[in-house]
Amino acid sequence: MTSFFVGQVDEVRPVSRKDKTTGQVNMSAQLTATFEVTDSENYLVKSTEDISFPIDLLASLQAVKGKYIAIPYKTINTKNGTYTFPDEALNFATFDKNPLMDKK
């Protein structure tokens, strides 16, 4: 199943993590985005997510800072549980305005 996270890009930064087993340093791009919308009773619903991407997307993600992004997520169910992660087979989409708030 594919679903989408939609939010405004607040920050994009390079992150390094050291593999404790091999000692190898792995780099990734960490995107911080905030989802914000009002519910049917006009209350604010807001959450912030940190999402990891391959480091080679760092420059293109930094270029959309302040814009809205729709990130495709894949959900799989296994005997060990349910896992949700960015779907690398699909591209993210960017918008100048929140696409969820468009009245059209």
Side-chain angles (χ1 to χ4, degrees):
M1 177 177 84
T2 300
S3 57
F4 289 86
F5 172 85
V6 177
Q8 187 172 22
V9 179
D10 298 321
E11 188 61 83
V12 179
R13 66 178 60 84
V15 175
S16 62
R17 290 192 171 84
K18 187 174 182 180
D19 186 317
K20 293 178 183 178
T21 308
T22 64
Q24 181 180 359
V25 175
N26 298 312
M27 295 294 296
S28 63
Q30 181 180 345
L31 178 136
T32 303
T34 301
F35 168 83
E36 186 174 316
V37 70
T38 54
D39 66 11
S40 61
E41 296 176 355
N42 212 29
Y43 288 106
L44 179 65
V45 177
K46 192 173 190 175
S47 68
T48 300
E49 297 288 329
D50 288 327
I51 305 163
S52 291
F53 286 92
I55 192 67
D56 58 330
L57 293 177
L58 182 66
S60 60
L61 291 170
Q62 286 176 329
V64 298
K65 209 163 140 179
K67 294 187 177 188
Y68 288 85
I69 191 166
I71 302 167
Y73 270 82
K74 180 170 273 200
T75 302
I76 59 171
N77 295 307
T78 69
K79 64 180 180 178
N80 297 325
T82 301
Y83 301 94
T84 303
F85 50 90
D87 188 347
E88 293 181 9
L90 299 173
N91 292 326
F92 57 84
T94 58
F95 307 90
D96 290 328
K97 296 180 180 180
N98 186 341
L100 299 177
M101 298 304 287
D102 191 0
K103 301 281 185 200
K104 294 180 185 178

Please tell me if the side chains of [X] and [Y] come closer than 4.5 Å, counting only heavy atoms from C-beta onward.
X     : Y     : value
Arg13 : Thr32 : yes
Pro86 : Tyr73 : yes
Val9  : Lys67 : no

Inset, instruction - Given side chain to side chain contact (heavy atoms under 4.5 Å, CB included), test Ile71 with Leu31 step by step and report yes or no. - result: CA-CA 11 Å; Ile71 302 167; Leu31 178 136; 4.1 Å; yes

Legend entry - For Ala33 against Asp10, the heavy-atom pair lying closest together: C-OD2, 3.8 Å

Legend entry - Shortest non-hydrogen contact between Val6 and Ala70, atoms and distance: CG2-CB, 4.0 Å

Starting from [Y], can I reach [X] by hopping between I/L/V/M/F/W/Y residues whose side chains sit under 4.5 Å apart?
X     : Y     : answer
Ile51 : Met27 : yes
Phe95 : Phe53 : no
Leu57 : Ile69 : yes

Legend entry - Candidate pair Phe92 and Leu61, rule side chain to side chain contact (heavy atoms under 4.5 Å, CB included), full reasoning: CA-CA 10 Å; Phe92 57 84; Leu61 291 170; 3.6 Å; yes

Legend entry - Under 3.5 Å: donor-acceptor pair, side chain of Asn98, backbone of Glu36: yes

Inset, instruction - State whether the side chain of Gln8 and the backbone N or O of Gly66 hold a donor-acceptor pair below 3.5 Å, judged by distance alone. - result: yes

Inset, instruction - Can you sort out the partners of Lys18 under salt bridge (charged side-chain N to carboxylate O under 4.0 Å, His left out), two or more places apart, ordered by chain and number? - result: none

Legend entry - Whether over 12 other heavy atoms sit under 6.0 Å from Tyr83 OH: yes

Inset, instruction - Hey, could you give me the CG/OG1 distance between Asp96 and Thr94, rounded to the nearest 0.5 Å? - result: 7.5 Å

